[in-house]
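As structure tokens, the structure follows; a few thoughts come after it.
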There are 2 protein chains.
Amino acid sequence: MPRKRASPLKSAPSVPTTSGREVDYGPLNTRLGYGLRRAQIAIFADFFVTFAAVDIRPVQYSILTIIEQNPGLFQTQVADSLGIKKTNFVAMIVALEKRGLVKRVPLEHDKRSYGLYLTDQGAALMPELHGLASAHEARIIERIGAETHAALFAPMKAIAAL
Amino acid sequence: MPRKRASPLKSAPSVPTTSGREVDYGPLNTRLGYGLRRAQIAIFADFFVTFAAVDIRPVQYSILTIIEQNPGLFQTQVADSLGIKKTNFVAMIVALEKRGLVKRVPLEHDKRSYGLYLTDQGAALMPELHGLASAHEARIIERIGAETHAALFAPMKAIAAL
DNA sequence: TGATTTGGTTATGCTACATAACTTTATTGG
DNA sequence: CCAATAAAGTTATGTAGCATAACCAAATCA
């Protein structure tokens with residue numbers, strides 16, 4: 001089945017081209033923020049390619065995964081857990097709902113809020129997504145080695161709590 | 001009809017608030033792209049705070065640093081070295097020029113291009129910027145330790161070349 | 001010299017992420 | 001009990017980042 005052609009101008013972040021001339025990066029070589037940014041851009045580019053066929057973006061994968069692991073969470077809780085403002089989360093969750101991957105179930109005891117759940121279709125999609133993510137992850141591990149890969153999570157988490 | 005205006009000034013990316021409820025991140029815990037993104041957001045938030053007084057963004061600091069280290073580079077070369085599209089680079093360099101930090105010197109032997117240089121004002125500002133960046137970096141090192149910090153650059157670079 | 005390439009620019013559009021203000025429903029304190 | 005306040009969700013809006021297409025002028029190539 002031909003997946004929907006991704007909307008008009010949806011393109012992957014490009015990985016920078018190596019310029020012709022030698023450039024001295026000076027202090028940038030020891031700025032972790034700079035290195036992290038460049039690494040993250042490359043990872044996202046690979047993620048886009050990997051997930052192109054299913055038309056899922058990193059943030060969508062993260063939302064779906066949180067809902068899968070924590071069915072029934074409120075919008076605000078999912079948004080908070082991912083560091084997304086609730087105002088910006090609305091459009092994201094509506095889009096996933098329209099695609100039939102997520103459903104918002106009104107709560108009886110609190111008429112303001114919804115519980116978020118994967119639809120059957122959404123739940124059925126997750127194994128494929130996790131498979132793609134694993135393949136993507138494997139490509140990174142191939143680059144830096146399994147041990148280095150494993151060693152990165154602790155410092156990243158510590159930095160995230162900065 | 002027209003809501004009341006919004007136009008706030010440039011604001012720093014916010015660091016996510018820890019939600020009240022425990023959330024299971026599932027496979028996200030072993031997705032480096034996710035960890036990297038969260039870490040990078042936190043670092044940028046700290047950078048914003050650190051550089052608020054001088055009103056310099058991460059990308060601006062990187063541009064200024066490249067020009068400082070490599071005076072005379074073309075716009076395209078600076079843009080390429082930082083992974084910025086030349087079309088998007090125009091506005092950035094114009095802004096820095098308007099602020100009097102950078103000058104574009106027309107070349108005699110190639111009337112299409114400019115050589116980029118720091119102005120005296122720009123050059124005078126750099127020590128302060130590097131000082132702020134060092135303080136910012138020190139905060140990260142304090143979090144993860146100097147050895148870990150130093151060990152991160154190699155894998156980040158390898159990933160960036162993915 | 002005509003064709004192609006290169007440096008720089010403008011126009012345009014989408015996504016991410018920020019704040020302000022609003023509605024509806026819950027909660028709370030006097 | 002009820003008025004004040006808080007919380008969940010929504011809409012409106014503004015900016016930065018990054019993408020493509022189309023273009024000019026100057027250099028280079030065949």
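Here is the naming used below: chain letters follow the sequence lines, and residue numbers restart at 1 for every chain.
Listed candidates were C/dA16, C/dG8, D/dA8. Nearest to the side chain of A/Thr76 is D/dA8. Nearest nucleotide to the B/Lys86 side chain, out of D/dG9, C/dA16, C/dG8: C/dG8. Of the candidate nucleotides D/dT20, D/dT10, D/dA8, D/dT20 has the atom nearest to the side chain of B/Lys85.
Atoms CG (B/Asn88) and C1' (C/dA11) sit 12 Å apart, rounded to a whole Å. Put simply, CZ on A/Phe44 is 15 Å from P on C/dT15, counting in whole angstrom units. Rounded to whole Å, atom P of D/dA8 lies 16 Å from atom CD1 of A/Ile93. The nearest whole Å value for the distance from the CD1 atom in A/Ile84 to the C1' atom in D/dG9 is 15 Å. Straight-line distance from the CZ atom of A/Phe74 to the C1' atom of D/dT10: 17 Å, rounded to whole Å. Distance, B/Phe47 CZ to D/dG17 P: 12 Å, rounded to whole Å. Following rounding to the nearest Å, A/Leu73 (CG) and D/dA8 (C1') show an atom-to-atom distance of 13 Å. Rounded to a whole Å, the CD1 atom of A/Ile56 is 13 Å from the P atom of C/dT15.
The aromatic rings of A/Phe51 and A/Tyr61 lie tilted to each other, with the angle between the two planes from 30° to 60°. Using cut-offs of 30° and 60° for the angle between ring planes, the A/Phe47 and A/His136 rings count as perpendicular.
Rounding to the nearest 0.5 Å gives a distance of 4.5 Å between OG1 of B/Thr65 and NE2 of B/His130. To the nearest 0.5 angstrom, A/Ile63 atom CD1 is 4.5 Å from A/Ile84 atom CD1.
Between A/Lys103 and A/Glu97, none of the side-chain N atoms (NZ, or NE/NH1/NH2) sits under 4.0 Å from a carboxylate O, so this pair counts as no salt bridge.
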Test side-chain hydrogen bond (donor to acceptor under 3.5 Å, both in side chains) on B/Arg31 and A/Ser62 and set out the steps.
-> CA-CA 10 Å; B/Arg31 302 298 181 218; A/Ser62 67; over 6 Å; no
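Proximity of B/Ile93 to B/Val78: side-chain heavy atoms (C-beta onward) are nowhere separated by under 4.5 Å.
Neither OP1 nor OP2 of C/dC14 sits under 4.0 Å from any side-chain N or O of A/Arg57. Remark: B/Arg104 is in phosphate contact with C/dT9, judged by side-chain N or O atoms under 4.0 Å from OP1 or OP2. Distances shorter than 4.0 Å separate none of the side-chain N or O atoms of B/Gln77 from OP1 or OP2 on C/dG7.
Counting atom types as modelled, A/Thr87 pairs a side-chain N or O with a base atom of C/dT19 as donor and acceptor under 3.5 Å.
Between A/Leu107 and A/Met92, the residue whose closest nucleotide on DNA chain C is further toward the 5' end is A/Met92.
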Pairs: protein N or O with nucleotides 25-30 of chain D N or O, under 3.5 Å:
| unit_1 | atom_1 | unit_2 | atom_2 | d |
| --- | --- | --- | --- | --- |
| D/dA27 | OP1 | B/Lys111 | N | 2.8 |

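Within 4.0 Å (heavy atoms only), A/Phe89 reaches no atom of the nucleic acid at all.
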